Amino acid sequence: MRIGIVTAGGDCPGLNAVIRAAVRKGVLHYGNEFVGFTEGWRGLIEDLSMPLNLQTTDEILSRGGTILRSSRLDIRQVHGGYVKCMQTMARHGVEALIAIGGNGTQAASLALTEVGVNVVGVPKTIDNDLSGTDMCFGFDTAVNVATEAIDRLHTTAEAHNRVIICEVMGRHTGWIAACAGLAGGAHVIVIPERPIDLDDICAQVQYEWQEGRQYAIIVAAEGAHLPNTEWASPSRKLGGIGVALAKVIEERTGYETRSISLGHVQRGGTPTAYDRQLATRYGVAAVDVVNERRYGRMVALKNSVIVDIPLEDAVAPPRGVDAQLMGVITALRPPALKYSGLSAEASG
Ligand SMILES: Nc1ncnc2c1ncn2[C@@H]1O[C@H](COP(=O)(O)OP(=O)(O)O)[C@@H](O)[C@H]1O
Ligand SMILES: O=P(O)(O)OC[C@H]1O[C@](O)(COP(=O)(O)O)[C@@H](O)[C@@H]1O
Ligand SMILES: [Mg+2]
């Protein structure tokens with residue numbers, strides 16, 4: 001059987017590990033042949049491809065990004081987009097497609113499945129919020145990068161008696177903020193699942209001064225909503241919430257506040273060992289499902305075991321930070337803090 005592979009949406013570390021594993025299992029155990037469609041769905045629409053075999057996928061396990069490149073090109077905006085994808089697959093003699101991507105990619109895969117294309121999905125999003133799976137590869141790497149940054153921010157914040165805000169990725173959900181914030185000992189964690197309560201944040205910051213620490217680290221997911229500002233809408237352009245928060249926190253508390261945004265540093269570079277092994281397990285499972293001809297499925301991690309689920313389950317609303325993790329965050333702070341207005345020592 002000839003199988004196509006595509007990577008679409010934002011990249012994340014581990015995409016190459018999935019590709020390598022799928023190709024190795026497929027070639028060595030099923031006699032499959034592979035073709036890689038490049039630049040996301042553009043590759044299928046415009047017939048852009050590269051050979052995938054044991055040689056072209058050698059030595060890519062630890063490499064970040066994707067040898068297939070990626071894009072957010074929207075098939076729905078291309079006239080006859082789905083038909084063009086089918087025609088490209090037919091031209092290459094491809095019977096089935098492995099689509100590695102997030103909610104958008106899985107939605108496109110579902111639409112292709114509905115018009116008769118054989119697709120198996122592999123879950124990918126740095127935000128770790130894809131429905132139907134407990135974990136996406138790339139997330140662990142991002143959490144490690146963010147944690148190291150937060151560790152470093154502690155010492156410089158302490159040296160200058162400052163509040164420092166670290167803005168991390170997380171469009172709809174705050175998994176990176178929550179996990180890196182906990183791992184890095186952040187004093188405040190701000191996530192999109194809960195509207196920002198400025199009084200509460202300022203109260204937590206003041207607490208760090210009252211207790212004698214005299215500095216504070218805030219980790220904020222870039223998708224967090226700041227009510228009554230341009231950062232209120234869930235559909236706004238991402239980026240900038242840290243700067244906005246820094247201004248208002250400094251005004252309200254009187255403490256000098258800085259903000260940094262980690263941005264795409266979180267998505268670049270080599271995957272952690274955890275992400276390499278998870279991505280490899282997904283790649284092997286995907287090629288197994290394809291060879292069993294069980295299409296319209298996405299491989300997933302459930303309770304530490306790789307399973308496969310209907311694509312319909314993957315396109316459900318994003319999976320937010322769960323109540324237990326929220327409970328851990330609140331367990332580490334005093335229960336009833338109250339913002340007492342601009343602090344005397346800061347204003348004086
Ligand atoms: N509801 C949808 N139906 C069909 N295709 C979609 C849908 N949403 C997104 N896509 C396609 O999937 C691509 C990747 O989606 P995007 O959200 O950018 O990345 P990801 O797959 O990581 O979520 C989009 O550019 C678009 O072509
Ligand atoms: O790569 P872009 O287009 O700048 O998008 C950045 C955003 O994409 C994400 O990395 C994840 O989005 P996807 O899962 O759709 O790829 C967000 O966390 C991030 O803020
Ligand atoms: Mg998406």
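Order of listing sets the numbers, starting from 1, for every ligand and every atom in it. As the structure is a prediction and not an experimental result, all values here were calculated from the model.
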With a cut-off of 2.8 Å, does any N, O or S atom of Asn103 fall short of it relative to the Mg ion (ligand 3)?
yes
Tell me whether Arg69 is salt-bridged to Glu39, with the criterion being a basic N under 4.0 Å from an acidic carboxylate O.
no
Partner of Tyr295 by side chain to side chain contact (heavy atoms under 4.5 Å, CB included), out of Val119, Val120, Leu311
Val120
Check whether Trp175 forms a cation-pi arrangement with Arg319 (NZ or CZ under 6.0 Å from the six-membered ring centre, at most 45° off the ring normal).
yes
Residue, atom name and distance, where the atom is the protein heavy atom closest to atom 20 (P) of ligand 1:
Gly102 N, 3.4 Å
What are the atoms of ligand 1, with element, lying closer than 4.0 Å to any heavy atom of Lys124?
22 (O)
Atom indices of ligand 2, in the order listed, that fall short of 4.0 Å to a heavy atom of Lys124
13 (P), 14 (O), 16 (O)
Decide whether an N or O pair under 3.5 Å exists between Gly101 and ligand 1.
no
Mode of Gln106 contact toward ligand 1 - side chain, backbone, both, neither (heavy atoms, under 4.0 Å):
neither
Closest non-hydrogen protein atom to atom 19 (O) of ligand 1, residue and atom name please, with distance?
Gly9 CA, 3.1 Å
Between Cys136 and Asn128, the two heavy atoms sitting closest are N-OD1, 2.7 Å
Tell me the protein heavy atom at minimum distance from atom 20 (O) of ligand 2, and give that distance in Å.
Glu222 OE2, 2.1 Å
For Arg2, does the CZ atom have more than 12 heavy-atom neighbours from other residues, nucleotides or ligands under 6.0 Å away?
yes
Residue, atom name and distance, where the atom is the protein heavy atom closest to atom 2 (C) of ligand 1
Arg76 NH1, 3.1 Å
In terms of residue, atom name and distance, what is the protein heavy atom nearest to atom 11 (C) of ligand 2?
Asp127 OD2, 3.6 Å
What is the closest protein heavy atom to atom 6 (C) of ligand 2, and at what distance does it sit?
Arg267 NH1, 3.4 Å
Top protein contact for atom 14 (O) of ligand 2, by heavy-atom distance:
Thr125 OG1, 2.6 Å
Go through ligand 2 atom by atom and flag the ones less than 4.0 Å from a non-hydrogen atom of Ile126.
10 (O), 18 (O)
I'd like to know whether ligand 2 has Gly10 as a neighbour, heavy-atom separation below 4.0 Å.
yes
Side-chain touch Cys179/Leu325, heavy atoms, less than 4.5 angstrom
yes
Is Arg281 atom CZ crowded by more than 12 heavy atoms from other residues, nucleotides or ligands, each under 6.0 Å away?
yes
One finds that the ligand 2 atoms under 4.0 Å from a non-hydrogen atom of His264 are 1 (O), 2 (P), 4 (O)
For residues Ala108 and Ile75, report the shortest heavy-atom separation together with the two atoms involved.
CB-CD1, 4.0 Å
Quick check on contacts: which atoms of ligand 1 are under 4.0 angstrom from a heavy atom of Asp74?
25 (O), 26 (C), 27 (O)
Kindly indicate, with the supporting measurements, whether the criterion side chain to side chain contact (heavy atoms under 4.5 Å, CB included) is fulfilled by Lys124 and Leu15.
CA-CA 8 Å; Lys124 172 255 32 144; Leu15 286 165; 3.9 Å; yes
Protein contact of atom 4 (C) of ligand 1 - nearest heavy atom, named by residue and atom, plus distance
Tyr82 OH, 3.2 Å
Test Asp74 against Trp41 for side chain to side chain contact (heavy atoms under 4.5 Å, CB included), laying out the working first.
CA-CA 7 Å; Asp74 197 329; Trp41 294 111; over 6 Å; no
Check whether the side chains of Thr280 and Arg20 place a donor and an acceptor atom closer than 3.5 Å, and report yes or no.
no
Between Pro13 and Arg267 the two heavy atoms that sit nearest each other are CD-O, 3.3 Å
Need the ligand 2 atom indices (1-based, order shown) with element for anything under 4.0 Å from a heavy-atom of Arg171.
5 (O), 7 (C), 8 (O), 12 (O)
Can you tell me if Tyr215 and His187 form a side-chain donor-acceptor pair at under 3.5 Å?
no
For atom 9 (C) of ligand 1, what is the closest protein heavy atom, and at what distance to 0.1 Å?
Gly104 CA, 3.2 Å
Can a donor-acceptor pair be found between the side chains of Thr272 and Asn144 at a distance below 3.5 Å?
no
Nearest to atom 21 (O) of ligand 1, what protein heavy atom do you find, and at what distance?
Thr105 OG1, 2.4 Å
With heavy atoms of Leu238 as the reference, note each atom of ligand 2 found under 4.0 Å away.
20 (O)
Just jot down the ligand 2 atoms closer than 4.0 angstrom to any heavy atom of Gly170, in number order.
18 (O)
May I ask you to identify, for Leu73, whether its side chain, its backbone, both or neither come under 4.0 Å of ligand 1 on a heavy-atom basis?
backbone
Looking at ligand 1, does Thr125 have a heavy atom less than 4.0 Å from it?
no
Hey, does Tyr274 have a side-chain heavy atom less than 4.5 Å from the side chain of Val143?
no
Out of Ile126, Asn103, Asp11, whose heavy atom sits nearest atom 17 (O) of ligand 1?
Asn103
In the protein, what heavy atom is nearest to atom 25 (O) of ligand 1, and what distance, to one decimal place, separates them?
Arg72 O, 2.4 Å
Can a salt bridge be assigned to the pair Arg333 and Asp200 using a cut-off of 4.0 Å between side-chain N and carboxylate O?
yes
Structural part of Ala108 in contact with ligand 1, heavy atom criterion under 4.0 angstrom
both
In the protein, which heavy atom is nearest to atom 2 (P) of ligand 2, and how far is it?
Arg72 NH2, 3.6 Å
